[in-house]
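Just below is one structure, and these are the notes that go with it.
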Amino acid sequence: MKRENNKRYDQYEEFFETDEQQLAVTVSEALPSEHAQNPILQLQLTMATNSINHEYARIEFDDTDNSERREELLEFMSLCRQKYFEARQSLEVHDPNALQEFEADLMRQKVETLGRFNA
């Protein structure tokens, strides 16, 4: 089951590609190679990536009336939540203080860039 979700999640790497920009990013694209061996940074980046991808999906979900597209977005948001909480659980084990600080920073960034916050 977990492997299936990862395969399906990989399909969404270009889920929000538009003519202007690609909104969804993958962790591998965002993590510089010199930090690839830092597990705390990897977990934080996974959390940030999936949180932001979820927010963009939610925005699109709110703006569309197409029921098929809404179903796709619900599935994508569910996968983002799953990946976020898997990384969160691991970070909590590695460094609970880093988790607390990171989530506070992530919340501030989301409010500043998106103007709102959705849990």
Side-chain angles (χ1 to χ4, degrees):
M1 177 78 170
K2 196 172 199 173
R3 185 161 176 90
E4 276 183 23
N5 283 342
N6 287 340
K7 287 171 88 175
R8 288 185 1 215
Y9 180 76
D10 291 342
Q11 294 172 344
Y12 293 109
E13 290 178 356
E14 296 182 23
F15 191 74
F16 293 106
E17 190 169 327
T18 66
D19 290 338
E20 298 87 28
Q21 62 185 341
Q22 182 177 343
L23 300 177
V25 296
T26 62
V27 174
S28 61
E29 291 171 339
L31 188 62
S33 61
E34 64 268 13
H35 298 293
Q37 298 303 317
N38 183 336
I40 291 174
L41 185 58
Q42 287 179 329
L43 293 169
Q44 290 173 332
L45 189 53
T46 297
M47 290 171 63
T49 300
N50 284 286
S51 179
I52 296 301
N53 285 347
H54 182 276
E55 289 300 320
Y56 282 120
R58 181 181 293 278
I59 291 168
E60 184 177 345
F61 181 87
D62 290 344
D63 290 342
T64 188
D65 293 327
N66 181 311
S67 61
E68 186 175 311
R69 182 65 176 153
R70 289 173 69 96
E71 285 297 318
E72 291 173 352
L73 290 166
L74 285 173
E75 182 179 350
F76 179 70
M77 288 187 291
S78 177
L79 291 169
C80 288
R81 275 191 303 272
Q82 176 188 342
K83 293 290 184 183
Y84 177 91
F85 284 109
E86 287 173 359
R88 185 186 190 284
Q89 185 177 26
S90 293
L91 184 56
E92 189 170 35
V93 169
H94 282 300
D95 189 341
N97 292 329
L99 171 63
Q100 187 176 18
E101 290 176 19
F102 179 76
E103 284 191 317
D105 287 341
L106 182 59
M107 172 80 81
R108 278 191 294 276
Q109 290 175 18
K110 288 170 74 171
V111 168
E112 288 174 10
T113 57
L114 299 172
R116 63 189 179 106
F117 171 71
N118 291 312

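Note that the structure is a prediction, hence the values are computed from the model and not measured.
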Do [X] and [Y] sit in the same hydrophobic cluster, where Ile, Leu, Val, Met, Phe, Trp and Tyr count as joined when their side-chain heavy atoms come under 4.5 Å apart?
X   : Y    : answer
L43 : F85  : yes
I59 : I52  : yes
L79 : Y84  : no
L99 : L106 : yes

Note to self: For Q44 versus A98, what's the shortest heavy-atom pair and its separation?
What the structure shows: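 Closest approach of Q44 to A98: NE2-O, 3.8 Å.
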
Next item on the list: Check T46 against N50 and note the closest heavy-atom contact, atom names and distance.
Entry: O-ND2, 2.8 Å

Between atom [atom1] of [X] and atom [atom2] of [Y], what is the distance when rounded to the nearest 0.5 Å?
X   : Y   : atom1 : atom2 : answer
I40 : L45 : CD1   : CG    : 13.5 Å
L73 : R70 : CG    : CZ    : 8.5 Å
L91 : Q42 : CG    : CD    : 11.5 Å
E68 : E71 : CD    : CD    : 9.5 Å

With a 4.5 Å cut-off on side-chain heavy atoms, are [Y] and [X] touching?
X   : Y   : result
N53 : K83 : no
D62 : R58 : yes
M77 : F61 : yes

Checklist line | Qualifying salt bridge (Lys or Arg N to Asp or Glu O under 4.0 Å) pairs with a residue from residues 97-107, counting only residues at least two apart or across chains | finding: R88-E103, D105-R108

Next item on the list: Apply side chain to side chain contact (heavy atoms under 4.5 Å, CB included) to S78 and list each qualifying residue two or more places apart in sequence or on a separate chain.
Entry: R81

Next item on the list: Using side chain to side chain contact (heavy atoms under 4.5 Å, CB included) as the criterion, list what pairs up with D65, not counting sequence neighbours.
Entry: none

Check: If you group Ile, Leu, Val, Met, Phe, Trp and Tyr whenever their side-chain heavy atoms sit less than 4.5 Å apart, what else falls in with V93?
Finding: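 Noted: V93 shares its cluster with no other residue.
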
Note to self: Between T64 and E60 (side chain of the first, backbone of the second, donor and acceptor by atom type, cut-off under 3.5 Å), is there such a pair?
What the structure shows: no

Check: With no hydrogens and no angle check, is any side-chain donor or acceptor of S51 less than 3.5 Å from a backbone partner on M47?
Finding: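 Checking the backbone N and O of M47 against the side chain of S51, no donor-acceptor pair under 3.5 Å is found.
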
Item checked: Contact list for residues 89-99, test side chain to side chain donor-acceptor pair (under 3.5 Å), sequence neighbours left out -> none

